[in-house]
Amino acid sequence: RYAKGLLNCNEALRLSPNLVRAYLYRGSLKYSLRLYNHAIADLSKALQIDPSCSHAYYNRALCHIRQNNISHAAKDFAIVLSLA
């Protein structure tokens, strides 16, 4: 099911390249598949489009934790708190 979700996100991005929600979902799916670097790239792209997307910061922080990059995770969590 993750593969189908990724394909759906890819199609949505093909049709609308600046769709924040598609990058957010695709990043979350890649996180579930343990593709943390790819997830971070998608979540960062979502943040380039919409810097106020707290879900993207939160999910990116989770990826950083999985990679044992606590300083980056703490920075993203702090941004989530400031947006809340």
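Here, residue 1 is the first one in the sequence, and each next residue gets the next number.
Scanning both residues, L83 and P51, for their nearest heavy atoms gives CD1-O, 4.4 Å. Contact detail for A39 and G27: the closest heavy-atom pair is CB-O, 3.3 Å. Nearest heavy-atom pair across A12 and L19 is CB-CD2, 4.1 Å. In plain terms, the two heavy atoms of C9 and A22 that are nearest each other are SG-O, 3.8 Å. Pairing each heavy atom of C63 with each of Y31, the nearest pair is SG-CD1, 3.5 Å.
Annotation: the span from N59 atom CG to D42 atom CG amounts to 11.5 Å, rounded to 0.5 Å. Within the model, atoms CZ of R26 and NE2 of H38 stand 10.5 Å from one another, a figure rounded to the nearest 0.5 Å. Note: Q48 CD to N18 CG = 10.0 Å, rounded to the nearest 0.5 Å. Atom-to-atom distance recorded for S44:OG and I49:CD1 is 11.0 Å, nearest 0.5 angstrom. Separation of atoms CZ (R21) and CG (L13) is listed at 13.0 Å; rounding is to 0.5 Å.
Inter-residue side-chain proximity for L6 and K30 is flagged as met; some heavy-atom pair is nearer than 4.5 Å. The shortest side-chain heavy-atom distance between L43 and Y23 does not fall under the 4.5 Å cut-off. Inter-residue side-chain proximity for L47 and Y57 is flagged as met; some heavy-atom pair is nearer than 4.5 Å.
When atom types are taken as modelled, the side chain of S28 and the backbone of L24 share a donor-acceptor pair closer than 3.5 angstrom. The backbone N or O of I79 lies less than 3.5 Å from a partner atom in the side chain of S82, making a donor-acceptor pair.
When hydrophobic side chains of Ile, Leu, Val, Met, Phe, Trp and Tyr are connected at separations under 4.5 Å, L81 ends up as a singleton with no cluster partners. By the 4.5 Å side-chain criterion applied to Ile, Leu, Val, Met, Phe, Trp and Tyr, I40 is assigned to no cluster and stands alone.
By the rule that hydrophobic residues join a cluster once side-chain heavy atoms approach within less than 4.5 Å of another member, V80 and Y36 end up as members of one cluster.
Annotation: ring-ring contact (aromatic ring centres under 6.0 Å, His included) contacts of Y2 (sequence neighbours excluded): none.
Atom CZ of F77 has more than 12 heavy atoms from other residues, nucleotides or ligands within 6.0 Å.
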